[in-house]
Structure formats: structure tokens, C-alpha cells
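Contents: one structure, followed by commentary.
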Amino acid sequence: MNETKEAVFLVKLGELVLKGGNREGFEQILRRNLLTMIRSRLPGARVVSRPGRFYVMCAGEQVAVLEPLLGKLSGITGWARSRSVEKNVDSLLAACVDEGKRLAAAGVCSFKVTARRSDKSFPLDSYQICCAAGDAISAAVPALAVNVGSPGGVISVEIREKAYVYSLGKKGLRGLPVGSAGRGLLLLSGGIDSPVAGILMAVRGMGLDAVYFHTPPYTSEQALAKTLSLAETIGSYALGVRLYTVNFTEVQKRIKERAPEKWSTVLLRMAMMDAASSIAKKNRAKCLVTGESLSQVASQTVENLGCGESRAGLPVLRPLIGMDKEAIIVLAKKFGSYETSILPYADCCVLFSPAHPVLRGSIREAGELYAGLETEPLIAAALGSMEIHKRGYYEPRKKPYSSGAK
Ligand code: ATP
Ligand code: MG
């Protein structure tokens, strides 16, 4: 397509269209999120809402910026760059032929046409549009054969206020718009799992803050920088993340001094849950989110998860609980967090890990050991000096924004 002309993108709304009476609210949040994402990056772009659809109009040269943003927008099933032409049969068929040539140029050999006619005054009904467009494309593009059963590509026609023609659509994240499902506090380490857990919750509509417990000088500045960079990636999906960094050195030292070594990871997790719950409650987060996966490591047996959770004053959500590492890595690569996560800087848990950890901790014993640590003043001091970093926010645009017809 012509890169200098205005580009029209059809954005299909996802699951939120099923939400009955709530649908309007979900659509408004999604629209606001889309505007937030494109506001600073695509000057002059417009968004027009239609039932089950948004149209984004931008300059041809902005397409390369828009598509990666749409790839991070939860609540949409997909998008396609679309031809928009006058609503008459000749213009429509010409656009279909052009789209057929684009399909053939992309190496596709067979096609079918689907049509939706919202404007019933158009002279052809949906079936007639499919037949006429199929004939016109076959005649003009010999490399493309009709195959209704299993086509290589689908050319879609929609007759609305204009005639739209598109193919080669891209898949969106699906899920629900960020901000439609409350706010959670993600326990973010520098590993592979917790960033994936956070992004999955964002895709499910949850706004996020995050907390990182570090142990200077045992953990490095690079480990902190790595976590900030992961927060940036998570924020690009969650429309911004506030990352709280909490110095846990004194807590870790206390555990080392007073507790049997084999219990140290479980007790550390309990202290993290304790501290994270206080941060969450003060910042209106409704739950904690972790990257734990059942039995992935000793601290994640169901018994040890229970010990950690016993110190959480809020629901603990673990979106990865039933996933194996390979599946988590696939998601980490898809979301763009993997390359940062595998940088080699160790976090505090690795440095203080016992050689023979307790595997099936009892909540009663864990509770007694934890009480003996007297962590309350240490955690209070750590929270008193915690730092807050904002990452992944989309900058507002200076000039007023043209949002198009509603
Ligand atoms: P990850 O890949 O997310 O680091 P992991 O497999 O290494 O996970 P653990 O180190 O046992 O597992 O951590 C389990 C979960 O506890 C993490 O997913 C994260 O939610 C939380 N967590 C671990 N370490 C930290 C930390 N330093 N700061 C904040 N949260 C942490
Ligand atoms: Mg870890």
C-alpha cells in the first residue's frame, strides 16, 4: 500500500464485546488506553469508534510505530490495515482487486471473500458482494484461485459509512483492557517468571505496581538496572508501572543469623509477602501477584507456597502456577522480557539459597520461626527508605489531540 497516504487500521475489539451491560464501560477504557498509547507517538492520528470496532487513521509513515503499539494493547482480537473507498460497486471491486494483488505478492495462492453489510442500502447483499469480488479478483489476479474450504488468505469486506477491504490481519493480545480489573502489586524479581506473570495479569485487565527486594551490596547495581528495564517492558503493556525498590539487606541478615539455614528461602518469601502486603494496602492494590509455578523449585511446593501466603494480607494471584518452564519461556520471548531476564546478574534469593532447603514446610513451624525473627522494625525501616521509580508510562502529548467522531 502507498506509504505516504493516510493509513486506516481496523481494530477488532475482543472479549469485552460479550460483557452485556458492561460493554460500554469496557469499550471506553479500551479507547482511553489506545489514545494514551498513541497520543505522544502518532501526532495527528485519529480514533473513530464503531460497534465492535475502532478505526485508527494515521499517516502512512506512522504505520511502523502504530503496529507494535497495537501488539501491546490488551482487549483487542486483532487489527488489519484496511482500504477505505467510496460506497459504490466499482470502487469496492477495484479495492478488492488491489487487495488480491497484495495477497498474491505476499505469496498466498488461494483466497475467499467474506462480507458484512451494515448499510443495507448498498445495492449488493453480502452473498452477492462475495461472488462479485471473488470473480473480479480471480479474473485480475491469475496467481490467486478461489478456495472457500481452506483458503490461503481471506479478503474481508465491510460496508459501513464507507466500504472497507482488508486481509492479512494480525492477531492481538485478546484479554481485557488494562484498568478494567482492579490493581495488583507484582513481586518482581530479575528472573524469567515474574515479568511474564505481571504481563499476563495486565492482559487480563489488571493495572500494576511492582516491588523489587534487593540486597546491596550483595546484589549489584546491574541487577537493579535489569529489574528497572523489566519494569519498563511490563509497563509498556500495563500502561505504566510504579516500581518500589526495597532494601532487604537487614532482613536477609536477620534470617541468616537467627533461622536454621534450610528454612531461609521460605522465611524470606514470608518477609516479602509481609512487606508487599503493606505496600499494596497503602496503594490501593487489591492483590499480590507472583511468578510462582507449582514445584518449579523447592520454595514453590504447595506446602511452602502456603507458608509464604500465611504472611500475605491479600489474595495472592499466581498466573503461572500450572505452567512449565518451557511454556513460560515461550511467553517471555513473545512479550519481549526474555533477553533482559537472562542477563546474568543474580538477585538476593540466589545468593542466600540454602544447599538443602526444607521441601514441605509446616505453616505452624514456619510461623514460629518467623515470629522469632522479629522482622517488624526491620521491614518498617526498609519500607521507610524505599524508592519509587516510574517505568513504561506513555508520555502525554503537548498539543490537543484529535480523537475523531465518537
Ligand atoms: P522469577 O523467574 O520470577 O525470579 P523464580 O523461578 O526464580 O521466579 P523464585 O526466585 O523462587 O522463583 O521466586 C518466586 C517468586 O517470588 C518470583 O516469581 C517473584 O514473584 C517473587 N520474588 C522472588 N524474588 C524476588 C525479589 N527479589 N523481589 C521481589 N519479588 C521476588
Ligand atoms: Mg527468581
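Atoms within each ligand, like the ligands themselves, are counted from 1 in listed order. Here, residue 1 is the first one in the sequence, and each next residue gets the next number. Just so you know, these numbers use all the heavy atoms, side chains as well, and skip hydrogens, waters and symmetry mates.
- In terms of polar-atom proximity, defined here as any N/O pair under 3.5 Å, Phe213 does make such a contact with ligand 1.
- Those atoms of ligand 1 that come under 4.0 Å of a heavy atom in Met272, given as number and element, are 24 (N), 25 (C), 26 (C), 27 (N), 31 (C).
- Closest heavy-atom approach to atom 14 (C) of ligand 1 within the set His214, Gln300, Lys325: this belongs to Gln300.
- Checked against a 3.5 angstrom limit, the closest N/O atoms of Ser189 and ligand 1 fall inside it.
- With Arg269, Glu292, Arg318, Gln296 as candidates, the residue nearest to atom 11 (O) of ligand 1 on a non-hydrogen basis is Arg269.
- Short contacts between ligand 1 and Gly191, defined as distances under 4.0 Å to a heavy atom of the residue, involve ligand atoms 1 (P), 2 (O), 4 (O).
- Under a 4.0 Å criterion applied to the non-hydrogen atoms of Thr290, ligand 1 contributes the atoms 20 (O).
- Side-chain atoms of Cys287 and Met206, non-hydrogen and from C-beta on, do get closer than 4.5 Å to each other.
- Using bins of under 30°, 30° to 60° and over 60° for the plane-to-plane angle, the ring pair Tyr55/Tyr164 lands in the parallel bin.
- Each of the following atoms of ligand 1 lies closer than 4.0 Å to a heavy atom of Val211: 29 (C).
- Each of the following atoms of ligand 1 lies closer than 4.0 Å to a heavy atom of Asp193: 1 (P), 2 (O), 3 (O), 5 (P), 6 (O), 8 (O).
- Residues passing the side-chain contact (heavy atoms from CB on, under 4.5 Å) test with Glu374 are Arg254, Arg258, sequence neighbours excluded.
- Contacts between Ser299 and ligand 1 below 4.0 angstrom, taking non-hydrogen atoms only, involve the side chain exclusively.
- Atoms of ligand 1 lying under 4.0 Å from any heavy atom of Ile192, numbered from 1 in the order shown and given with element: 2 (O).
- Taking 4.5 Å as the limit, some side-chain heavy atom of Val63 sits within range of a side-chain heavy atom of Glu67.
- Side-chain contact check for Thr233 and Ser337: no donor-acceptor pair (N or O, by modelled atom type) lies under 3.5 Å.
- Neither the backbone nor the side chain of Leu186 has any atom closer than 4.0 Å to an atom of ligand 1 (non-hydrogen atoms only).
- By the criterion of a heavy-atom distance under 4.0 Å, neither the backbone nor the side chain of Thr265 is placed next to ligand 1.
- Put simply, the side chain of Thr219 never gets that close to the backbone of His214: no donor and acceptor are under 3.5 Å apart.
- For ligand 1, the polar-atom distance check against Gly190 finds no nitrogen or oxygen pair separated by under 3.5 Å.
- Only one option out of Leu228, Ile388, Ile234 pairs with Leu243 in a side-chain contact (heavy atoms from CB on, under 4.5 Å); it is Leu228.
- The side-chain contact (heavy atoms from CB on, under 4.5 Å) test with Ile255 singles out one residue from Val266, Thr265, Thr375, Leu268, and that residue is Leu268.
- A donor and an acceptor atom, one from each side chain of Tyr237 and Ser74, are nowhere located under 3.5 Å apart.
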